[in-house]
Engineer: 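My questions will all concern the structure given below.
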2 protein chains.
Amino acid sequence: MKAHCDAHSHRPESLADLTERLRARARKVTGPRQAILDLLRRQRHPLSNREIWRALPPSDCNLATIYRAIHLLERLGMVKRFDFGDGVARFELVREGDDGHHHHLVCTVCASVVEIADCFPVEWERQIAKEHGFGSVTHKLEFFGVCPQCQ
Amino acid sequence: MKAHCDAHSHRPESLADLTERLRARARKVTGPRQAILDLLRRQRHPLSNREIWRALPPSDCNLATIYRAIHLLERLGMVKRFDFGDGVARFELVREGDDGHHHHLVCTVCASVVEIADCFPVEWERQIAKEHGFGSVTHKLEFFGVCPQCQ
DNA sequence: ATCGCTGCAAAAATTTTGCAGGTAA
DNA sequence: TTACCTGCAAAATTTTTGCAGCGAT
């Protein structure tokens with residue numbers, strides 16, 4: 001049984017490549033957008049809009065601009081939304097040509113995050129889709145537990 | 001390979017049984033709480049706090065009370081939170097002795113919901129836990145697609 | 001009679017939007 | 001130049017909290 005996603009490399013795409021992707025879509029490469037992209041490309045794990053805001057020097061970007069920029073990047077498929085069940089959306093950069101599909105193991109005590117290579121088997125997903133007549137089926141899967149340090 | 005959860009019966013627990021569970025935990029059985037429980041026990045699928053509020057006659061319950069009651073029911077394990085990725089928490093009644101663990105297939109167009117019997121294989125979950133030294137690992141899994149009517 | 005629960009209203013927190021000026025292309 | 005972006009501030013949401021009075025037990 002083969003999962004339909006593998007762990008992806010963590011070597012970050014260069015900032016130049018990222019901004020090029022914006023330009024290619026006729027979007028402007030501005031200071032705030034570069035700051036956000038440059039922050040995200042250094043992160044291994046998803047950040048919320050507010051976390052991005054706090055991580056950036058106050059002069060770099062307004063919180064409203066972050067909301068707007070993240071919306072844009074999400075629409076362009078450059079950023080993917082993850083939900084760890086605490087009501088806060090978090091975002092991760094998606095590598096060129098990738099769909100960003102993967103999962104996390106989140107510590108319910110300290111909120112540390114591990115990226116997971118395994119994935120729900122495609123055959124099951126297809127079967128579930130067929131069984132109910134649904135099309136274009138995907139899934140969201142996240143794991144929760146207590147990390148070694150917090151035990 | 002066996003999933004570790006099966007579809008559960010949809011026959012709703014009686015309101016009397018539900019309120020008894022409250023009383024057994026030294027919580028008061030009040031009008032608003034009965035109204036909420038009685039509404040949830042008739043639902044097959046999760047409702048948000050606001051949906052509960054709109055579904056109830058205005059005089060039955062204040063929105064703030066619903067937030068408080070749902071928090072309580074969640075703490076008592078009588079209600080389970082689900083997240084369909086749209087930023088709104090939804091809640092489902094959990095049957096006595098059950099842990100409420102199951103998954104949904106949600107239409108991304110009309111938001112209709114189908115309950116899913118399959119589940120992520122326990123062995124994999126255990127392996128993931130072991131691999132990263134995590135304890136008490138569970139998961140959240142939801143499927144998304146386009147239902148027959150919306151295609 | 002208690003103590004928990006409720007409604008109401010205000011506060012806090014989160015996300016969206018309008019607008020006027022600035023800037024990438 | 002000309003759209004597109006941005007900061008700021010206000011608005012719209014969503015969720016939490018304080019408080020005085022009511023009511024389940």
Side-chain angles (χ1 to χ4, degrees), chain A residues 15-39 46-76 78-79 81-91, chain B residues 15-40 46-76 78-79 81-91 111:
Chain A
L15 180 56
D17 286 349
L18 288 168
T19 57
E20 202 41 55
R21 286 164 71 185
L22 275 186
R23 231 184 302 264
R25 307 268 216 128
R27 307 301 172 145
K28 303 208 165 146
V29 177
T30 63
R33 289 176 179 182
Q34 289 186 75
I36 294 168
L37 288 171
D38 198 33
L39 174 64
L47 292 183
S48 69
N49 284 315
R50 191 166 287 278
E51 285 169 339
I52 294 171
W53 184 57
R54 277 199 281 251
L56 258 28
S59 60
D60 272 19
C61 194
N62 182 278
L63 181 57
T65 301
I66 293 177
Y67 275 98
R68 285 187 281 221
I70 289 290
H71 276 159
L72 172 72
L73 294 171
E74 198 183 3
R75 283 199 305 278
L76 298 183
M78 292 180 62
V79 137
R81 174 187 302 252
F82 288 94
D83 202 320
F84 291 169
D86 61 353
V88 182
R90 282 160 227 264
F91 302 88
Chain B
L15 180 56
D17 286 348
L18 287 167
T19 57
E20 202 39 56
R21 286 164 73 185
L22 275 186
R23 231 185 301 267
R25 308 268 215 127
R27 307 301 172 144
K28 302 208 165 145
V29 176
T30 64
R33 288 176 181 185
Q34 289 186 75
I36 293 167
L37 289 170
D38 199 32
L39 174 64
L40 287 180
L47 292 184
S48 69
N49 285 316
R50 192 159 224 100
E51 285 169 339
I52 294 172
W53 183 57
R54 278 199 279 250
L56 257 29
S59 61
D60 273 18
C61 193
N62 182 278
L63 181 56
T65 300
I66 293 177
Y67 275 98
R68 285 185 282 220
I70 289 289
H71 278 157
L72 172 72
L73 295 171
E74 197 183 4
R75 283 198 306 276
L76 298 182
M78 293 180 61
V79 136
R81 174 186 301 253
F82 287 95
D83 201 321
F84 291 169
D86 62 352
V88 182
R90 282 160 227 264
F91 302 89

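Note: hydrogens, waters and symmetry copies are ignored here, and every other heavy atom, side chains too, is used. So you know, we letter chains A, B, ... as the sequences are listed, proteins then strands, and number each from 1.
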Engineer: D/dT15 phosphate, OP1 or OP2: any side-chain N/O from B/His71 under 4.0 angstrom?
Structural biologist: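 Negative; the distance criterion is not met.
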
Engineer: Using the closest heavy atom to pick a nucleotide of DNA chain D for each, name whichever of B/Val29 or B/Arg50 lands nearer the 5' end.
Structural biologist: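 Final value for this comparison: B/Arg50.
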
Engineer: Taking atom P of D/dC4 as reference, at what distance in whole Å does atom CZ of A/Arg33 sit?
Structural biologist: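 Between P of D/dC4 and CZ of A/Arg33: 11 Å.
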
Engineer: Is any side-chain nitrogen or oxygen of B/Arg23 closer than 4.0 Å to OP1 or OP2 of D/dT25?
Structural biologist: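 Looking at the OP1 and OP2 atoms of D/dT25, one of them is under 4.0 Å from a side-chain N or O of B/Arg23.
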
Engineer: Check whether any side-chain N or O of B/Asn62 sits under 4.0 Å from OP1 or OP2 of C/dC8, and answer yes or no.
Structural biologist: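 Answer yes for this pair, as a side-chain N or O of B/Asn62 is under 4.0 Å from OP1 or OP2.
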
Engineer: Nearest whole angstrom, please: distance from the P of D/dC4 to the CZ of A/Arg25.
Structural biologist: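 Distance, rounded to whole Å: 16 Å.
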
Engineer: By the 4.0 Å heavy-atom rule, please label A/Ala64 as base, sugar-phosphate, or nothing.
Structural biologist: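 The answer is base, as A/Ala64 lies within the cut-off (heavy atoms under 4.0 Å) of a base atom.
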
Engineer: Expressed in angstrom and rounded to an integer, what is the separation of B/Ile70 atom CD1 from C/dC5 atom P?
Structural biologist: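 Spelled out: CD1 on B/Ile70 to P on C/dC5 is 15 Å.
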
Engineer: Provide, to the nearest angstrom, the distance between the CG atom belonging to A/Leu72 and the C1' atom belonging to C/dT16.
Structural biologist: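 It is 16 Å, rounded to the nearest whole Å.
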
Engineer: Run the side-chain hydrogen bond (donor to acceptor under 3.5 Å, both in side chains) test against B/Asn62 and tell me which residues pass, sequence neighbours left out.
Structural biologist: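 If we apply the side-chain hydrogen bond (donor to acceptor under 3.5 Å, both in side chains) test to B/Asn62, skipping adjacent residues, there are no hits.
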
Engineer: On DNA chain C, does the nearest nucleotide to B/Asp60 precede the nearest nucleotide to A/Arg68 from the 5' side, or the other way round? Give the residue.
Structural biologist: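 Taking each residue's closest nucleotide, the earlier one in sequence belongs to B/Asp60.
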
Engineer: I need the CD1-P distance between B/Ile66 and D/dT17, as an integer number of Å.
Structural biologist: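 Those two atoms, CD1 and P, are 18 Å apart.
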
Engineer: More 5' along DNA chain D: B/Ala89 or A/Ala69, using each one's nearest nucleotide?
Structural biologist: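 The residue mapped nearer the 5' terminus is A/Ala69.
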
Engineer: Could you give the CG-to-C1' distance, from B/Leu63 to C/dT6, as a whole number of Å?
Structural biologist: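 Distance check: B/Leu63 CG to C/dT6 C1' gives 13 Å.
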
Engineer: What residues form a side-chain hydrogen bond (donor to acceptor under 3.5 Å, both in side chains) with A/Arg81, not counting sequence neighbours?
Structural biologist: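 For A/Arg81, the residues satisfying side-chain hydrogen bond (donor to acceptor under 3.5 Å, both in side chains) (neighbours in sequence not counted) are A/Glu74.
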
Engineer: Salt-bridge test for B/Arg54 and B/Glu51: reply yes if a basic N is under 4.0 Å from a carboxylate O, no otherwise.
Structural biologist: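 Between B/Glu51 and B/Arg54 there is no salt bridge, as every charged N stays at least 4.0 Å from the carboxylate O atoms.
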
Engineer: Look at B/Tyr67 and D/dT15 and indicate whether a side-chain polar atom (N or O) is within less than 4.0 Å of OP1 or OP2.
Structural biologist: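 Yes, B/Tyr67 has a side-chain N/O under 4.0 Å of OP1/OP2 on D/dT15.
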
Engineer: Without decimals, in angstroms, what is the distance between B/Leu37 CG and C/dC5 P?
Structural biologist: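 It is 13 Å, rounded to the nearest whole Å.
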
Engineer: Measure from the side-chain heavy atoms of A/Thr30 and tell me the nearest of C/dT6, C/dT16, D/dT6.
Structural biologist: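 From the listed options, D/dT6 comes nearest.
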
